[in-house]
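One structure is given below, encoded as C-alpha cells.
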Number of protein chains: 2
Amino acid sequence: MSKCEQCIVRQFSSLKALNKEELLRMAECKTSYTIKKGEPIFEEGEVTNGIYCIKDGICKLSKLSDNGKDQIVKLVKPGELLGQRSMISDEPANLSAVALEDMEVCFIPRSEVMQFFNQNNQFSMNVMRTICDDLKGADDHMVNMAQKTVRQRLAETLMYLEETFGKNEDGSLHIQLSREELAGMIGTATESCIRLLSELNKSGYIELTGKKITLLDKNKLKRLT
Amino acid sequence: MSKCEQCIVRQFSSLKALNKEELLRMAECKTSYTIKKGEPIFEEGEVTNGIYCIKDGICKLSKLSDNGKDQIVKLVKPGELLGQRSMISDEPANLSAVALEDMEVCFIPRSEVMQFFNQNNQFSMNVMRTICDDLKGADDHMVNMAQKTVRQRLAETLMYLEETFGKNEDGSLHIQLSREELAGMIGTATESCIRLLSELNKSGYIELTGKKITLLDKNKLKRLT
DNA sequence: AACAAAGTATGACAATTATCATATTTTGTT
DNA sequence: AACAAAATATGATAATTGTCATACTTTGTT
C-alpha cells in the first residue's frame, strides 16, 4: 500500500488541504486500480460510493444523448478528482468516465471523504471551489455549443487540446483522440468533423499526418473563432 | 425593515437552515430592491459582493456570446438565490441577471453570508447541493445544445416552461418571453424560432394568440424530442 | 388619435451540417 | 504475412438553419 503524501493528486487537487494524519487514514482505506485505454472507470447512472483520484492517464467524461451519440462534457487530467458532485448530491453518476489512455487511479470510499469534508474546512472549501469552477466552465461551454458554428468549435477545441495537454517533440498534439471522439467533443457528426479537419489541413491551418494533428498557424485558427 | 422569518425565499432555498438568531442578523443587514421588468440585477463581469434572494418575479441568467447574441443559461424563480457561485469562487459574475417581470429581491452582503457559511454546516451543505444541481443541469443542457436539433430544443423548452412556470386560466403559458428571448433559450436565430413556432402552430401542436402560447398536444410535442 | 418604434411574421436564398454510400487506410489478430 | 475489422476519407445529396429583405402588428408615447 503506497503513501498518499507525495502523490501528484495531492499536489493539484482539493486533497492538498489534508494533514498528515488524514493522509495516513486515506492511504489505509484507498484502493488502487489500473484501467486500460477504452475501459470505463464508472458509467452514467452507476452508484459510485466514493471519489477517484487520477494519478496517471487522461479520461473523458461523457453522456449518451437520445440520438445515440456520446457527447464529451469534459476531459480530466492527472491530479484531478472524479465523482465529487455525485458524492455531495448523494446521487448516481450523471456522466460516464472512460480512459483515453492507460490509467492509474485510486478509489476513496465516500464515508472517508465525507469525514474529511466535515472535519476539515479548507478541504471542503477546495471541493466547493472546484465544483464552482466546473459550473462556470459548463455554462461557458453551453453558450459555445449554442452560439458557435461547428468550424469555430473545432478550432477552439484544437487550441484547447494543445494548451491543456501539450505537444509531442514533433509539435503534434500530445493527446490522441479518434475522429469520433473529437466529433463528440465539438458536438457534430464524425463525418463533418473529418471533413472540417481535412479542410483546415488543405488551407494550411493544421497538418494531418496519420492520426497526428499539428497546429501550424494558431493566429489564423484563433481568428476563426 | 421586514423580517426574514416568513419570507418565501427562506422556505425554498438554502436559507432554510438558518436559525432565529441568524435570521435576525440577516434581516438587519439586508437591502430590499424593486426591479422593473427589463432591468438588470447584475451584469456579467460585475463584482456582486453578496447574494440576491428572489422574493417575487422571474429573471433570466444569460451570457453575451461573441456573435452578439444573448444566450439564456437559466431562468430563476421566486425562492431561489443568485450569486452563490461568484460568492464562493470570489469572482465577478459570469452571467447577467435581468428581470423578465417586475421583481422584488433582497441583497445580503458577502461578509454576512460567509459567516453563516462558516458557522452553519447545514447551510453550507445546502448551498453546495444547489450548486451541484446547477452543475448537473448545466452538463445536461450542454449535451442537449450539442446533440439536438433546434426543433427538438424548442419543443423541450416549451414543455419546460409550462411545467416550471405553469399556465394561465386560458391554458396559455404563464411566463411571457419575447421571441428573441425564446430564441436565446434554445440557441438559435430569432427568425428560426418564429418560423418553427408558426410551423408547430399550423400542425396543431401549439396555438399562438398574439404573444400567448398554448400547448395543445403535449404527447405529440414529447415525441418530437 | 396619430405616430414612431419595437416586435412578429414570412419569403427568398445562402450557408452550414447531417446522412448515406463507398473508397481507402490503418490496426489488430491469427 | 495475410486477413478482417475498424477508422479515416471523400462524394453526392438532403435537411436544417442562418441571413437579409420586407411586410404586418402590437405597443407605448406624445
Side-chain angles (χ1 to χ4, degrees), chain A residues 36-39 65-71 100-102 144-158 172-173 176-203 206-214 224-225, chain B residues 36-39 65-71 100-102 144-158 172-173 176-203 206-214 224-225:
Chain A
K36 289 250 170 286
K37 176 174 175 172
E39 285 178 357
S65 179
D66 298 336
N67 62 6
K69 287 185 188 163
D70 214 40
Q71 175 67 33
L100 293 175
E101 307 172 338
D102 290 353
N144 280 342
M145 286 298 179
Q147 296 291 346
K148 301 207 168 171
T149 65
V150 175
R151 180 182 283 100
Q152 289 175 319
R153 301 197 312 257
L154 173 59
E156 281 189 354
T157 301
L158 290 174
S172 63
L173 294 187
Q176 289 256 6
L177 296 174
S178 69
R179 300 295 191 253
E180 189 178 2
E181 284 166 334
L182 191 54
M185 281 199 73
I186 66 183
T188 191
T190 306
E191 297 95 321
S192 299
C193 175
I194 290 174
R195 213 180 298 277
L196 285 170
L197 279 175
S198 131
E199 185 191 303
L200 291 180
N201 185 26
K202 277 170 197 150
S203 322
I206 67 176
E207 187 178 53
L208 299 175
T209 326
K211 282 184 90 87
K212 290 192 173 180
I213 301 176
T214 309
L224 278 188
T225 68
Chain B
K36 289 248 168 288
K37 177 175 174 173
E39 285 178 357
S65 179
D66 297 335
N67 62 7
K69 286 184 188 163
D70 214 39
Q71 176 67 32
L100 293 175
E101 307 173 338
D102 290 352
N144 281 342
M145 286 297 179
Q147 296 291 344
K148 301 206 167 172
T149 66
V150 175
R151 179 182 283 98
Q152 288 174 318
R153 297 191 323 249
L154 173 58
E156 282 190 353
T157 301
L158 290 173
S172 62
L173 295 187
Q176 289 256 6
L177 296 173
S178 69
R179 301 294 191 253
E180 189 177 2
E181 283 166 336
L182 191 54
M185 280 199 74
I186 66 184
T188 190
T190 307
E191 297 95 321
S192 299
C193 174
I194 290 174
R195 213 181 299 276
L196 285 170
L197 278 176
S198 132
E199 185 192 302
L200 291 179
N201 185 26
K202 278 170 196 149
S203 322
I206 67 176
E207 187 178 55
L208 299 176
T209 326
K211 281 184 88 90
K212 291 191 170 181
I213 301 176
T214 310
L224 278 187
T225 70

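Note on naming: letters A, B, ... go to the chains in the order of the sequence lines (proteins, then strands), and numbering restarts at 1 for each one. A quick note: this is a predicted structure, and the numbers were derived from the prediction, not measured.
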Query raised in the report: Does some side-chain heavy atom of A:Gln152 sit less than 4.5 Å from a side-chain heavy atom of A:Gln147?
Result: no

Query - salt bridge (charged side-chain N to carboxylate O under 4.0 Å, His left out) evaluation trace for B:Lys148 with B:Glu156 - result: CA-CA 10 Å; B:Lys148 301 206 167 172; B:Glu156 282 190 353; 2.6 Å; yes

Report summary line: Of the listed D:dT8, C:dT16, D:dT17, the closest approach to the A:Arg179 side chain comes from D:dT8

Query raised in the report: How would you label the contact of A:Ser192 with the nucleic acid (heavy atoms, under 4.0 Å): base, sugar-phosphate, or nothing?
Result: base

Query raised in the report: Which of the following nucleotides, D:dT10, C:dT19, D:dG18, is nearest to the side chain of A:Ala189?
Result: C:dT19

Requested in this report: Please state whether the phosphate of D:dT10, meaning OP1 or OP2, lies under 4.0 angstrom from any side-chain nitrogen or oxygen of A:Ser198.
Outcome: yes

Query - Min side-chain heavy-atom separation A:Leu197-A:Leu158 under 4.5 Å - result: yes

Requested in this report: Using the closest heavy atom to pick a nucleotide of DNA chain D for each, name whichever of A:Ala146 or A:Lys202 lands nearer the 5' end.
Outcome: A:Lys202

Query raised in the report: Could you give the CD-to-P distance, from B:Gln147 to D:dT16, as a whole number of Å?
Result: 16 Å

Report task. Figure out the NZ/C1' separation between A:Lys37 and D:dA6, and round it to whole Å. Result -> 13 Å

Query raised in the report: Can you tell me how far C1' of C:dA9 sits from CG of B:Leu182, to the nearest Å?
Result: 15 Å

Report task. Starting from C1' on D:dT8, measure out to CD1 on A:Ile213 and report it in whole angstrom. Result -> 12 Å

Query raised in the report: Expressed in angstrom and rounded to an integer, what is the separation of B:Leu208 atom CG from C:dT8 atom C1'?
Result: 10 Å

Query raised in the report: Any idea which of D:dT8, C:dT8, D:dT16 is nearest the B:Arg151 side chain?
Result: D:dT16

Query - Under 4.0 angstrom between A:Lys211 side-chain N/O and D:dT8 OP1 or OP2 - result: yes

Query raised in the report: Quick one: which of A:Glu181, A:Gln176, A:Lys37 gives a side chain to side chain contact (heavy atoms under 4.5 Å, CB included) with A:Leu100?
Result: A:Glu181

Query - Gap between atoms CG and C1', on B:Leu196 and D:dG18 respectively (whole Å) - result: 12 Å

Query raised in the report: In whole Å, what is the span from the CD1 atom of B:Ile186 to the C1' atom of D:dT16?
Result: 13 Å

Report summary line: Of all heavy-atom pairs linking A:Gln71 and A:Met145, the shortest is NE2-CE, 3.4 Å

Requested in this report: Using atom CG of A:Leu197 as one end and atom P of C:dT25 as the other, report the distance to the nearest whole Å.
Outcome: 18 Å

Query raised in the report: Which part of the nucleic acid, if any, lies within contact of B:Thr188, taking any heavy atom under 4.0 Å across all strands shown: a base, the sugar-phosphate backbone alone, or nothing?
Result: sugar-phosphate

Report task. Would you kindly check whether a donor in the side chain of B:Arg195 faces an acceptor in the base of C:dG11, or vice versa, at under 3.5 angstrom? Result -> yes

Query raised in the report: Choosing from D:dT19, D:dA9, C:dA18, which nucleotide comes nearest the side chain of B:Lys69?
Result: D:dT19

